[in-house]
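To start, the structure itself, in structure tokens.
Numbers restart at 1 for each chain; the letters A, B, ... are given by sequence-line order, proteins then strands. The figures that follow rest on heavy atoms only: side chains count, while hydrogens, waters and symmetry mates do not.
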Amino acid sequence: MNEKRRYLPLKSTKELKRTMGRYYAFSKYHRFWGKPLGRKLAWVTSGAPVELLRAFKIHPVYPEQYGAICSTNKATAALCQAAEGAGYSQDLCSYARSHIGSVLRPDLAPMQGLPKPDLLVACNNICGTVLKWYEALARHFNVPLLVLDTPFLAGNLTEHAKAYVVEQLKGMVSSLEEITGRKLDERELGKQMGRSAEITTLWRDIRRLCRARPSPLNAPDLFIHMAPIVVLRGAPQGTAYYRKLKQEVSQRAAAGQGALEKEKVRLVWDNIAIWPRLFGFFRLFSERGACFVTDTYTGGWAMEISQGDPLESLAATYTEVFLNRSPEFRARQLIELIRDYNADGFVMHSNRSCKPYSLVQEVIRKRVTRETGVPGLMIEADMADPRAYAEEPVRNRVQAFLESLE
Amino acid sequence: MLDSGDAKGFLELLLEESALKGARAKERCPQCQFFGYFCSYWPEELVLAAGMEPLRLMPGPGSATPADLPSYTCSLARGTLAGALRGEYPDLAGVGFAHTCDTMQCLAGIWPDSAAQGRTLMIVPPVTLQAPGAADYYRAELKELAQALGRIGGQSIGTAELGQALELCNHIRRLAAELDELRPALPSQLVSALLRAGQVMPRREYAAALESALPALKAASSEPQFRQRVLVSGAVLEGDSVFRLVEELGGRVVADDTCTGYRHYAQPPGAACSDPWDELVRRYSEMPLCPCRHRGLEERPAYLAELARRRTAQGAILVIRKYCDPQAWDAVPVSQQLKSMGVRTLVLELDGAEAGGRERTRIQAFLESL
Ligand code: SF4
Ligand code: SF4
């Protein structure tokens, strides 16, 4: 099958590679520039309040994204085995396992592993795994571990939960002042939050352009082009990149140009991508004219940065992320996506690695179908570990699902 | 063996309740209103203060695969959900979840959709228990939960009600501590069964039965000379088979850090607070840690090391329920810590609580190596 003919590549991809290449080179050589400039390097979870770190001139590096890089570089299996050899169960999150594997065996790891951290910052708004993972890292590197505990929201954010997160943020400010030797500059924090708001708005706008029929982007585009919003949220290079991407996607939408040559079916994706099969898997859909016009995962970075007092705003923004919320909330989100993007169906990746994302999916699937009449397919795999992917059954299920939609 | 007929009767009652695990609870205590719960972080005191009886939900025998949970979910979640769907927990006024691991978070979320029994409630304790603001937050969460429970139980919870409930729970915890001290001199599976009974039967009845059985247990206890002394740590164990196997293979569980074992009762060091709400916060913030909570990097490994030292354990079995992330993570630093002080460790992965032939071989080899 000639993929090129069916699938329209984005011109921005070149710029994306340049932007990300620079970021990782900058990170890799941190030891040369970080020390003279007195700037620390932190390993942080994807849901950590990076604006605060940036206000302290800390350079953030994201092990979760690195987990995805390991996977697309086909290094995950070997790295996971290294971690498993050190006693980490093979049922643990494969981002965590592969990243720990890269710490233990940099020789097997892309870029020989990530540059060593001066501190670790974990926020448990996405899962409980990150706490245990970062505890393991803190023991290994013997560097400070800052944890932000954002209570799970069974309903709405309560006043006492918000106050608790604000108190912790204040504590984090003191710790960061001590670690960096800098005082918190409130104006700088405000500026960083403004920048984050700018980049998340751009990302949201780009995603919304996919409401057009045909959709200018397909899920693999979203997954690949989400890279800067994860690691460069609030950094000018990230914002500059998304301005360009928005321009290209707007042009496509205006010209009625779709990501697929002929879009027949519109789908919504739920959960992290299956990185080791990113193209192969989505091709099962694109070759039949099925386009994933939006998804819940990359949408997580299109959050609204709340207004008002900076610490209160950070507390609300980071506690209210979708993975920290009830199945009702998540079902409602999916229902709205199906409605707003005019989708004909949805596909859920039951992701062995990510329990908080996956264990509630079946109940959500039923509820969404009940309320929208739109069918949903469940595929069991793993976001990074190729050993969990069963080619044949997946192909058959996808085929049957798409036939049912025709 | 036991010499008092009464004590024997109480012991039989405790073992029977322990084996029933709450099945037929309502039939055995028609006047009780039971409220189901899952974790040791669920504040039983508040259920009692609301005039109800806390009943810890545990999976029945065999493996269960309810359609609403994927295969890679721990069997505690799968088994209890399947049990609820089969109608095994009728007559509950509600079910309460304490937010602990990702799995519990998800189970709490889907429970009302899949298996509603009365109301579903959730308390979200702080994870970083010593963080700034954690105590105030915890107190507010507990108060909110108290209101909800009061509405369900039809008895609003004031300081006096809470004080009484705390008194009862603390009395039980003292009795459990006495029993735990006898561990080296009693069959391992007996102690584990007796401790489980205290989570599934009406609490006053449990306290009275255990109190009456203790003197006879003390009299009957005798410390064997040639048994390998083992510490067992893990999450929920709804059966005694790990303990029984250790015993059958010539070992003795002298220290227990399982969630349904002594960790459920273990009190924090330090003096109690005079205000019952403060005491509730203190108890649940400072009791021995489960791997889902964080109080610095060293506390849990250090606690287990100290426990092993105090009870002169030669080896430790870390039981990990398949797909239980928090226990699996902690197995690494805990093993390292114990090994560094000369305590050998066996990481024993189990699908549920039942240890079978494969585990027998592994435990046997482990005990022989001690
Ligand atoms: S468990 Fe899920 S949310 Fe947590 S780090 Fe792994 S993939 Fe991310
Ligand atoms: S056994 Fe483990 S994964 Fe399962 S509910 Fe308990 S702590 Fe969570």
Side-chain angles (χ1 to χ4, degrees), chain A residues 86-89 91-93 96 124 127-129 131-133 135-136 138-139 145 147-155 158-161 163-172 174 324-328 330 350-364 366-367 378 380 388, chain B residues 66-74 77 97 99-103 105-110 112-114 120-122 124-129 131-134 136-141 143-144 291-294 296-298 320 322-333 335-336 347 349:
Chain A
Y88 295 97
S89 158
D91 298 320
L92 297 173
C93 164
N124 61 3
C127 63
T129 287
L131 175 69
K132 307 309 290 180
W133 175 4
E135 282 178 357
R139 287 191 183 99
L145 165 63
V147 182
L148 183 67
D149 175 21
T150 45
F152 174 74
L153 301 182
T158 57
E159 277 308 314
H160 62 275
Y164 171 41
V165 181
V166 168
E167 280 308 303
Q168 291 176 78
L169 285 166
K170 287 183 190 159
M172 203 177 247
S174 314
N324 203 36
R325 311 203 66 165
S326 67
E328 284 92 313
R330 301 237 317 255
S350 177
N351 175 0
R352 294 175 74 86
S353 268
C354 189
K355 296 192 171 79
Y357 216 140
S358 306
L359 300 193
V360 289
Q361 274 175 314
E362 181 55 23
V363 161
I364 294 177
K366 284 198 263 196
R367 185 181 283 211
M378 189 80 76
E380 193 175 314
Chain B
D68 283 348
L69 283 171
S71 57
Y72 51 88
T73 311
C74 77
F97 291 85
H99 186 272
T100 48
C101 63
D102 294 336
T103 302
Q105 170 182 310
C106 292
L107 187 64
I110 67 171
D113 263 64
S114 308
T120 303
L121 299 181
M122 188 184 216
V124 185
V127 170
T128 46
L129 292 157
D136 287 344
Y137 164 74
Y138 210 167
R139 195 180 157 107
E141 275 288 291
K143 288 218 159 169
E144 216 171 76
C292 299
R293 311 241 92 84
H294 178 87
L297 295 177
E298 299 317 322
I320 298 178
K322 179 95 175 138
Y323 305 120
C324 172
D325 291 352
Q327 294 285 345
W329 276 106
D330 262 21
V332 180
S335 311
Q336 269 165 9
V347 176
E349 192 181 82

Can you tell which of [options] has the highest number of heavy-atom pairs within less than 4.5 Å of chain B?
options                        : value
A:A161, A:S326, A:A163         : A:A161
A:C127, A:S89, A:A154          : A:C127
A:E362, A:R330, A:R352, A:K366 : A:R352
A:E167, A:K355, A:Q168         : A:K355

Is the closest side-chain heavy-atom distance between [X] and [Y] below 4.5 Å?
X      : Y      : value
A:H160 : B:E144 : yes
B:D102 : A:Y357 : no
B:E349 : A:D91  : yes
B:W329 : A:W133 : yes
A:L359 : B:Q105 : no

Under 4.5 Å to a heavy atom of chain A? For B:P326 that would be backbone
When the 4.5 angstrom heavy-atom criterion is applied to B:A77 and chain A, the contacting part is neither
Looking only at heavy atoms, what is the nearest atom pair of [X] and [Y], with distance?
X      : Y      : result
A:G87  : B:V332 : O-CG2, 3.5 Å
A:L131 : B:C292 : CD2-O, 4.3 Å
B:Y137 : A:P151 : OH-CB, 3.2 Å
A:L92  : B:A328 : CD2-CB, 4.0 Å
B:Y72  : A:N351 : OH-N, 3.3 Å
B:G109 : A:E328 : O-OE1, 4.4 Å

[X], part contacting chain B, at a heavy-atom distance under 4.5 Å:
X      : answer
A:P356 : both
A:L153 : neither
A:E159 : neither
A:N324 : neither

If you count heavy-atom pairs under 4.5 Å between each of [options] and chain A, which one has the most?
options                        : answer
B:A331, B:C101, B:A134         : B:A134
B:P333, B:S335, B:P125         : B:P333
B:D68, B:D330, B:D136          : B:D68
B:I320, B:T128, B:V124, B:V347 : B:T128

- Task: Rounded to the nearest 0.5 Å, what's the gap from CD1 on A:I364 to CD1 on B:I110? Could you check?
- Result: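 Answer rounded to 0.5 Å: 9.5 Å.
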Taking B:D325 first and then A:K132, would you say they form a salt bridge - that is, a charged N and a carboxylate O separated by under 4.0 Å?
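Here B:D325 does not pair with A:K132 in a salt bridge, since their nearest N and O are not under 4.0 Å apart.
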